[in-house]
Amino acid sequence: DMWTQEPYKSKLKAVDEKLVHELASGGRSDSFNPSVNPNSADIPYRAQLIREYLAAGNSPPSLKKEPQSVQAALRKAVHYYSMLQRDDGHWGGDYGGPHFLMPGLVVAWYIMGKPKSMLDDESIELMKHYIRCHQQSDGGWGTHLESPSTQFGSVLMYLALRLMGADKEDPTCQKGLHFIRLHGGALMTASWAKFYLCLAGCMHWDGHNSVPPEMWLLPNWFPFHPGRMWCHARMVYLPMGYLYGSRYVYTEAETDTLIKDLRQELYIQPYESIDWIKTRHMVAPMDNYSPISKLMETAQNLLARYETWTVFQPLKNLVRPRGIKFCAEYMAAEDLQTNFIDIGPVNKVLNMISAYDVANGNLEDHNVKRHIARVADYMWVAEDGMKMKGYNGSQCWDTSFAVQGIYEAGLMDEFPDVSKRVWAYLERCQILSTETSMATEAYKYESAAYRARFYRHISKGGWPFSTSAHGWPISDCTGEGLKGVLCLLKSKAVLEGIENGTLKAISTRRLEDAANILLTYQNEDGGFATYENNRGFGWYEDLNPSEVFGSIMIDYSYCECSMASLTALVEFHETFPDHRSDEICHAIDKGRDFLKSLQRPDGSWYGSWACCFCYGVWFGIEGLVKCGEPKTSQSVKKACQFLLHHQRPNGGWGEDFTSCYDKDYAANGMEVYGDDGSGVVNTAWALLALSAAECDDMEAIRKGVRYLMKRQLPCGDWPQEGIAGVFNRACGITYTAYRNVFPIWALGRCKATYGTLLADTA
Ligand code: LAN
């Protein structure tokens, strides 16, 4: 138990552990029970912060459930949440969920000779625990926490468990292997899993479709160019190109007995008998969310000839080394620009293996060491063990939302230290130039020429999703960050702090830079994509080589990114009407039209980054209304109708993850989490949307507010429920801040909007 070790042990004595536990778990005795709720409530992390809070002599909220007013509920909620704020101002949380990330890291660790500096024995034990926790009754593992078992999840989790030393006879392994073999063995897993199998030496590279590094050498005007792909797909297929192109295999594979065993375990046919080239297109139906198109299959078959036919070899020998060289150079730039965190967990691992290969397997190499030092950024310990997160965290994003919620709840001045710390964090996270924190080394990559060479958008003025060290700005994170700062400019404590020099000022110039970068993000269609402009074409999706994810090939305009960017521009414009006024007004008008164009006939918006229509509709309504659409307009009315239609008898809203997957509203089943299938986060989004539109169905609003209050735990927290986040249509991702931030925000907004009309709610 890592919490009982120094430096925490000494503090532990000072506080009442029972109280800590009650506060951290909301007084519930069932801490983690994956069969009831596979989502972590983040109890160990929260307990540690509460411990420190108490050890410093602060008093916690009372654990009595008083007869409450909305105001009292809010005060308690913010008091509770303030205990969890870190000294540097951010809120952290479990950002796990996907099951295909940690196995990649384990493969890297294994290939690199199991360095303890990357994962020590204790981490390995905790990671094995995680895998055991999430095994399902059929023996398999899902692609993410709440997904039914897939070959993708199962093969990877099994591989990780075995590489971490679990015995084949171990009951978890036996059940897992049974599932895998029952469904055709590892030949049937998805390509991203096959990739790791190839690296580890458990599959022949001929069994993997070509990822030619040469594609980077195509001229930029060429209709298909990887530089126009969505940055996440681009940054994953970059190291894949390097590793595939060099046909990298774990150097000890041929003599390693564990690898030898795995080669026999994972396949239902003898490993030596497999005609690999014929297995490239195989994939289990359960993994096949976005089937490979005929076009792509043809391309892959042509590439397979390019890889193997002798006529092509002179050409290949000429261009492949150049492609590999470009990939290595591009990866080096990405490593430096992100301080070796890299844009996400997949390229983090693959870039690290590549850097290790570039260094000829030398663990003492400077770059390899810097890579290893940044692995910890992705790890998280919760009640279900240690996991690899989907990003290096959601710090900046959650913090920007939290402060807006507290502001709308009217409690900013009541918690002055909270506001001051948020200010400090947002100040620190804004990206000040196109340079990064490893400025001297990364500097050369920041020139316009390098930016173009490596397909990077400008950074100056933006905010990232996680930390300043990560350094990739995002449109909506910039929007929410800017709105957070604008809120804080209304805090007395913050203004005082700036005045007396305890807080750093954020110059008007910096806020203008934020508005400037937001303007650059707007696409032709009026909408906003995630990290960059939309560069490619719709048909790129036909070339999606990943069977498990949808819509990954280009950066599309999204409802969420558009709302956050546009409303930030609106608020910026209200505060600084002289800066690029015409352009901003024009952008807002265009954006509003875009939002309307995305609205579905039933009045809803599909949410791409959280589950699902409740989230989308909140962004849709908020975006329209703040961009000047009358609240009485047809669009707004219809959107409200959509939400009202889906309110449940108990006053809440509850959507199932399949909404995202099927792109069709799916209500949670009654049995989910034992509360009529409603959930606090969905309900909060719906209330935020309805109150933004000043919906006059008071009965519905009152019921919703009452629901949120009823579900509040005695300590001021709310329970963690189903998985809230999603990406690429098919993968869930945990947000543990949402259960605090959104109920606070929604209650605060309803109170501000409806005031005494809510009076009889308690
Ligand atoms: C994220 C996290 C943040 C998220 C929001 C800012 C909330 C969203 O509004 C825009 C998209 C974005 C930036 C986003 C995109 C996809 C990410 C990066 C993630 C969900 C976190 C993890 C995920 C990433 C792709 C996971 C790795 C898997 C691959 C398929 C590469």
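Remember, it's 1-based here, ligands and their atoms both numbered in the order they're listed.
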Q | Residue pair Asn288 / Pro291, side-chain heavy-atom distance below 4.5 Å | A | yes

Q | Pair Lys387 + Asp94, salt bridge at N-O below 4.0 Å | A | yes

Q. Can you tell which part of Asn347 has a heavy atom less than 4.0 Å from ligand 1: side chain, backbone, both or neither?
A. neither

Q) Any chance the rings of Phe528 and Tyr558 have centres within less than 6.0 Å? A) no

(Q) Counting only heavy atoms closer than 4.0 Å, does ligand 1 sit against the backbone of Tyr95, its side chain, both, or neither? (A) side chain

Q: Looking only at protein heavy atoms, identify the closest one to atom 22 (C) of ligand 1 and say how far it is in Å.
A: Gly390 O, 3.1 Å

Q) Short question: side chain of Asn544, backbone of Phe549 - any donor-acceptor pair under 3.5 Å? A) yes

Q | Closest to atom 3 (C) of ligand 1 (judged by heavy-atom distance), picking from Trp609, Phe465, Phe100 | A | Phe465

Q. Given that the side chain starts at C-beta and the backbone is N, CA, C, O, which of these parts of Trp192 lies under 4.0 Å from ligand 1, counting heavy atoms, or is it both or neither?
A. side chain

Q) Got the closest protein heavy atom to atom 13 (C) of ligand 1, with its distance? A) Ile474 CD1, 3.6 Å

Q) Given His144, which of Phe100, Phe152, Phe657 fulfils the ring pair (Phe, Tyr, Trp, His ring centres under 6.0 Å) condition? A) Phe657

Q.
Any heavy atom of Tyr558 closer to ligand 1 than 4.0 angstrom?
A. no

Q: Below 4.0 angstrom from a heavy atom of Tyr391, which ligand 1 atoms are there? Numbered from 1 as shown, please.
A: 18 (C), 21 (C)

Q. Relative to the heavy atoms of Thr530, which atoms of ligand 1 are at a distance of less than 4.0 Å?
A. 10 (C), 11 (C)

Q | Which of the ligand 1 atoms, numbered from 1, are nearer than 4.0 Å to a heavy atom of Asn728 | A | 30 (C)

(Q) Here's one to test your reading of the geometry: is the NZ or CZ of Arg234 within 45 degrees of the ring axis of Trp216 and under 6.0 Å from its centre? (A) no

(Q) Checking side-chain polar atoms at under 3.5 Å, does Arg456 have a donor or acceptor matched by the opposite partner on Gln337? (A) yes

Q.
Out of all atoms in ligand 1, which are within 4.0 Å of some heavy atom of Val236? Include the element for each.
A. 31 (C)

Q.
I need the nearest protein heavy-atom contact for atom 18 (C) of ligand 1: residue, atom name and distance, please.
A. His232 NE2, 3.0 Å

(Q) In this structure, does ligand 1 have an atom that sits under 4.0 Å from one of the heavy atoms of Trp230? (A) yes

Q: Would you please determine whether Cys477 falls within less than 4.0 Å of ligand 1 on a heavy-atom basis?
A: yes

Q. What atoms in ligand 1 come closer than 4.0 Å to a heavy atom of Asp476?
A. 5 (C), 6 (C), 8 (C), 9 (O), 10 (C)

Q.
Tell me whether the NZ or CZ atom of Lys389 lies within the 45° cone about the ring axis of Tyr95 and under 6.0 Å from its centre.
A. no

Q. Do Glu541 and Tyr556 get their side chains close enough for a donor-acceptor pair, meaning under 3.5 Å?
A. yes

Q. What atoms in ligand 1 come closer than 4.0 Å to a heavy atom of Trp397?
A. 7 (C)

Q.
Regarding Lys483 and Glu571, does a basic nitrogen lie under 4.0 Å from an acidic carboxylate oxygen?
A. no

